[in-house]
**Q** 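The structure's right below; bear with me while I get my questions together.
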Amino acid sequence: MTDIVVIGAGAVGLPSAYFLAQEGMQVTVVDMEPAPAQGSFKAAIGGIRATHSEPAKIALCKDSLKIFSTWKEKTGTEIGWKMGGYCFPVYREQDESLLKGMFPIQHKYGLKIDWLDTDGIKKVIPGINGDGLRGGTLSIEDGQASPLLFASSLTEECKKLGVEFRLEESVEQVLMKSNRVVGVKTDKGIISADYVLNAAGSRASQIASTVNVPVPVSPDSHEAGISMPVSQFLDPLVVDIRPGPEGKTANFYFGQTHDGSVIFCYTPSPIIPGEDRRGTSQFLPIIAKRLLDLIPRFKHLVIRRLWRGLYPMTPDGLPIIGEVPNVSGFYIAAGLCGQGFMMGPGIARNMAHHIARGTPHLETYLFDALSPQRDFYAKKEALK
Ligand SMILES: Cc1cc2nc3c(=O)[nH]c(=O)nc-3n(C[C@H](O)[C@H](O)[C@H](O)COP(=O)(O)OP(=O)(O)OC[C@H]3O[C@@H](n4cnc5c(N)ncnc54)[C@H](O)[C@@H]3O)c2cc1C
């Protein structure tokens, strides 16, 4: 018997276990993989921004930024935190309007984001291609951290708080008695619990379907890579939201990590639905061309490693967070799309507060937009 079973030691499950244990709960984490963070968590390139257009996501990511930026001070562990900001260089009028159109809501929620002219962008992104550059946005309080270092540190902190990890164990069924959750059945036995948190990432729908709850999360595949380290020259995470001329990329983004490596990925066009995590031979030539067109000096980079992971997508691009209707004690934190690393800690702290004390740590109304009961087809998050 445990207080709560967290299904999935991923970008949201692992920090949830940490904050739930900090709330004094006895936590058991079950993951099908032999180690934590082997799903999409370790595939993330580490970008963390609060500069979204949906108030709930802004609030959650502001909370995450607090957690990432103070983590080393609190735990003494290096997680590669770098407050270099996020920069969107702009070459098209429509992108300028889209990004400037989000300023009112971003400023209303206290985010430091501004428009820089061409010279300003050239200073922030040294060596950027100036042809047709109109300027761009810079949000100085955003940043990045290492998903690998953060996952490892979180695991250690969880262990110190007494969290039990049951690895190489697969949850097959959520167990209920009279509309109340009573535990889970795994391929190794039954774990009784007062609460269950479904943080199973791209598999969250299958888990929820075992108690007949429809949860629209479906994965698509994304590739990424990292170079050998070079001298620090680039502060922000850079996002180029133009589709590529080759017709295969919707946008691409990259940054320089705390140790000098350049880390990068693109959004394929069209998206590649499914759970395929095998790397392709297409990715490197395409991303290399996009990186060199934007910053010609990247021709000197030596690429060290490529990988592929999944975005657990929802129809409206917003995560699904809260207690599942009609199944008391069954919570969900899933559908984090391409932003689960940045939202994970904020969601986790709020979820833990909600489960242990009855209300999230942020204002409750913010969470209505993320409710498992919302209309998933009513709107779409800008830049989802
Ligand atoms: C190439 C790439 C780059 C990215 N870059 C960024 C970025 O810069 N910033 C950002 O914020 N996000 C980024 N992301 C997105 C981010 O990685 C995901 O949003 C996030 O990992 C999703 O977190 P999750 O906890 O929902 O899922 P996961 O991290 O996948 O965790 C789910 C866990 O559940 C386990 N599980 C599933 N089913 C079961 C079961 N039945 N029983 C037991 N265990 C189970 C899995 O093994 C897994 O460990 C990127 C993703 C990719 C692929």
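We count ligands from 1, going down the list as the structure has it; atoms in each ligand are counted the same way. Note that this is a predicted model, so its numbers are computed, not measured.
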**Q** Nearest protein heavy-atom contact for atom 47 (O) of ligand 1: which residue, which atom, what distance?
**A**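 So the nearest neighbour among protein heavy atoms is Asp31 OD1, 2.8 Å.
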**Q** Run the numbers on Cys158 and Val29 for side chain to side chain contact (heavy atoms under 4.5 Å, CB included), then give the verdict.
**A** CA-CA 10 Å; Cys158 281; Val29 179; over 6 Å; no
**Q** Give the atoms of ligand 1, by number and element, whose distance to some non-hydrogen atom of Val30 is under 4.0 Å.
**A**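 This gives 43 (C), 44 (N) as the contact atoms.
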**Q** Can you give me the closest heavy-atom contact between Ala50 and Leu65, atom names plus distance?
**A**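 Heavy atoms only, the tightest pair is CB-CD1, 3.7 Å.
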**Q** Does ligand 1 come near enough to Gly13 that some N or O of the ligand is less than 3.5 Å from an N or O of the residue?
**A**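 No, no N or O pair falls under 3.5 Å.
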**Q** Starting from atom 9 (N) of ligand 1, locate the nearest protein heavy atom and write down its residue, its atom name and how far away it is, to 0.1 Å.
**A**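 For atom 9 (N) of ligand 1, the nearest protein heavy atom is Gly47 O, 3.0 Å.
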**Q** Has Arg180 got its NZ or CZ under 6.0 Å from the middle of the six-membered ring of Tyr195, at an angle within 45 degrees of the ring axis?
**A**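 Judged by the rule, Arg180 and Tyr195 form a cation-pi pair.
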**Q** What's the shortest distance from atom 31 (O) of ligand 1 to any protein heavy atom, and which residue and atom give it?
**A**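 It is Gly10 CA, 3.2 Å.
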**Q** Output the list of atoms in ligand 1 that are nearer than 4.0 Å to some heavy atom of Ala224, sorted by atom number.
**A**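 Matching atoms, with element in brackets: 1 (C).
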**Q** Below 4.0 angstrom from a heavy atom of Ile207, which ligand 1 atoms are there? Numbered from 1 as shown, please.
**A**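 Taking each heavy atom of Ile207 in turn, ligand 1 has 41 (N) under 4.0 Å.
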**Q** According to a hydrophobic-cluster definition based on side-chain heavy atoms being under 4.5 Å apart (Ile, Leu, Val, Met, Phe, Trp, Tyr only), do Ile355 and Ile347 belong together?
**A**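 Shared cluster, yes.
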**Q** To the nearest 0.1 Å, how far is atom 26 (O) of ligand 1 from its closest protein heavy atom, and which atom is that?
**A**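 Atom 26 (O) of ligand 1 sits closest to the protein heavy atom Gly201 CA, 3.4 Å.
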**Q** Establish whether Leu237 and Leu291 are linked, either directly or via other cluster members, by ILVMFWY side-chain heavy-atom contacts under 4.5 Å.
**A**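 Leu237 does not cluster with Leu291.
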**Q** Identify, by atom number and element, the atoms of ligand 1 in contact range of Glu169, meaning under 4.0 Å from any of its heavy atoms.
**A**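 Heavy-atom distances to Glu169 below 4.0 Å select 43 (C).
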**Q** Below the 3.5 angstrom mark, is there an N/O of Gly340, backbone or side chain, next to an N/O of ligand 1?
**A**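 In this structure, Gly340 places an N or O atom under 3.5 Å from an N or O of ligand 1.
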**Q** What closest approach, in Å, do Glu223 and Arg308 show between heavy atoms, and which atom pair accounts for it?
**A**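 It is CG-CG, 3.3 Å.
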**Q** In terms of atom number and element, which parts of ligand 1 are under 4.0 angstrom from non-hydrogen atoms of Gly8?
**A**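 Going through ligand 1 atom by atom, the ones under 4.0 Å from Gly8 are 33 (C), 34 (O), 35 (C).
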**Q** What part of Ser221 sits under 4.0 Å from ligand 1 if we count only heavy atoms: the side chain, the backbone, both or neither?
**A**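 Looking at Ser221 and ligand 1, no heavy atom falls under 4.0 Å.
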**Q** Check each heavy atom of Cys337 against ligand 1 and say whether those closer than 4.0 Å belong to the side chain, the backbone, both or neither.
**A**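 For Cys337, only backbone atoms sit under 4.0 Å from ligand 1.
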**Q** Could you pull out the closest heavy-atom pair between Ser231 and Gln256, with the gap in Å?
**A**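 Closest approach of Ser231 to Gln256: O-NE2, 3.0 Å.
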**Q** After noting the C-alpha distance and the side-chain angles of Thr210 and Lys185, does the key distance pass the side chain to side chain contact (heavy atoms under 4.5 Å, CB included) rule?
**A** CA-CA 11 Å; Thr210 67; Lys185 177 179 170 296; over 6 Å; no
**Q** Has Arg242 got its NZ or CZ under 6.0 Å from the middle of the six-membered ring of Tyr91, at an angle within 45 degrees of the ring axis?
**A**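 The answer is yes, since Arg242 meets both limits relative to Tyr91.
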**Q** For atom 41 (N) of ligand 1, grab the closest protein heavy atom and report residue, atom and distance to one decimal in Å.
**A**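 Among all protein heavy atoms, the one nearest atom 41 (N) of ligand 1 is Val171 O, 3.1 Å.
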**Q** How far is atom 3 (C) of ligand 1 from the closest protein heavy atom, and which atom is that?
**A**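 Going by distance alone, atom 3 (C) of ligand 1 is nearest to Ala43 O, 3.5 Å.
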**Q** Is the Phe367 to His354 ring centre distance short of 6.0 Å?
**A**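 Ring centres of His354 and Phe367 not closer than 6.0 Å.
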**Q** Which atoms of ligand 1 have any heavy atom of Gly39 under 4.0 Å away?
**A**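 Within the 4.0 Å cut-off of Gly39, ligand 1 contributes 30 (O), 49 (O).
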**Q** Which heavy atom of Ser153 sits nearest to which heavy atom of Thr75, and what is that distance?
**A**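 So the two residues come closest at OG-OG1, 4.2 Å.
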**Q** Any idea which atoms of ligand 1 are less than 4.0 Å away from a heavy-atom of Arg203?
**A**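 Counting from 1, the qualifying ligand atoms are 37 (C), 38 (N).
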**Q** For ligand 1, find out whether one of its N or O atoms is nearer than 3.5 Å to an N or O atom of Ala333.
**A**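 Such a contact does not occur with ligand 1.
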**Q** Of all the heavy atoms in Ala334, does at least one lie under 4.0 Å from an atom in ligand 1?
**A**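 For ligand 1, residue contact (heavy atoms, under 4.0 Å) with Ala334 is absent.
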**Q** Kindly identify the option in Pro15, Ser16, Ser40 whose heavy atom sits closest to atom 28 (P) of ligand 1.
**A**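 Looking at heavy atoms only, Ser40 sits closest to atom 28 (P) of ligand 1.
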**Q** Is there a polar contact, in the sense of an N or O pair closer than 3.5 Å, between Met32 and ligand 1?
**A**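 Met32 vs ligand 1: N/O contact under 3.5 Å present.
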**Q** Which residue in the set Phe252, Tyr253, Phe283 passes ring pair (Phe, Tyr, Trp, His ring centres under 6.0 Å) when paired with Tyr266?
**A**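 Answer to the ring pair (Phe, Tyr, Trp, His ring centres under 6.0 Å) test with Tyr266 among Phe252, Tyr253, Phe283: Phe283.
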**Q** Side-chain heavy atoms under 4.5 angstrom apart, residues restricted to Ile, Leu, Val, Met, Phe, Trp, Tyr: same cluster for Tyr86 and Ile48?
**A**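 Same hydrophobic cluster.
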**Q** Answer yes when Glu141 and Lys112 have at least one side-chain N-carboxylate O distance shorter than 4.0 Å, and no when they do not.
**A**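 A salt bridge is present here (some side-chain N lies under 4.0 Å from a carboxylate O).
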**Q** Validate the cation-pi geometry between Arg297 and Phe233: distance from NZ or CZ to the six-membered ring centre under 6.0 Å, angle to the ring axis within 45°.
**A**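 Cation-pi check for Arg297 and Phe233: passes.
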**Q** Only counting residues at least two apart or in another chain, list the ones meeting ring pair (Phe, Tyr, Trp, His ring centres under 6.0 Å) with Trp71.
**A**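 Per chain and number, Trp71 pairs via ring pair (Phe, Tyr, Trp, His ring centres under 6.0 Å) with Tyr18, Phe150.
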**Q** For atom 14 (N) of ligand 1, grab the closest protein heavy atom and report residue, atom and distance to one decimal in Å.
**A**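 Among all protein heavy atoms, the one nearest atom 14 (N) of ligand 1 is Gly338 O, 3.6 Å.
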**Q** Within the structure, does Met343 bring an N/O atom to less than 3.5 angstrom of an N/O atom in ligand 1?
**A**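 No.
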**Q** For atom 51 (C) of ligand 1, state which one of Tyr266, Phe41, Tyr311 supplies the nearest heavy atom.
**A**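 Among Tyr266, Phe41, Tyr311, the closest heavy atom to atom 51 (C) of ligand 1 belongs to Tyr311.
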**Q** Should you measure from each heavy atom of Glu33, which atoms of ligand 1 turn up under 4.0 Å away?
**A**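 Selected atoms, number and element: 47 (O).
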**Q** To check your reading of the model: name the closest protein heavy atom to atom 5 (N) of ligand 1, its residue, and the distance in Å.
**A**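 Closest protein heavy atom to atom 5 (N) of ligand 1: Ile45 N, 3.1 Å.
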**Q** Any nitrogen or oxygen of Phe341 lying under 3.5 Å from a nitrogen or oxygen in ligand 1? Just yes or no.
**A**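 Yes, since at least one N or O of Phe341 sits under 3.5 Å from an N or O of ligand 1.
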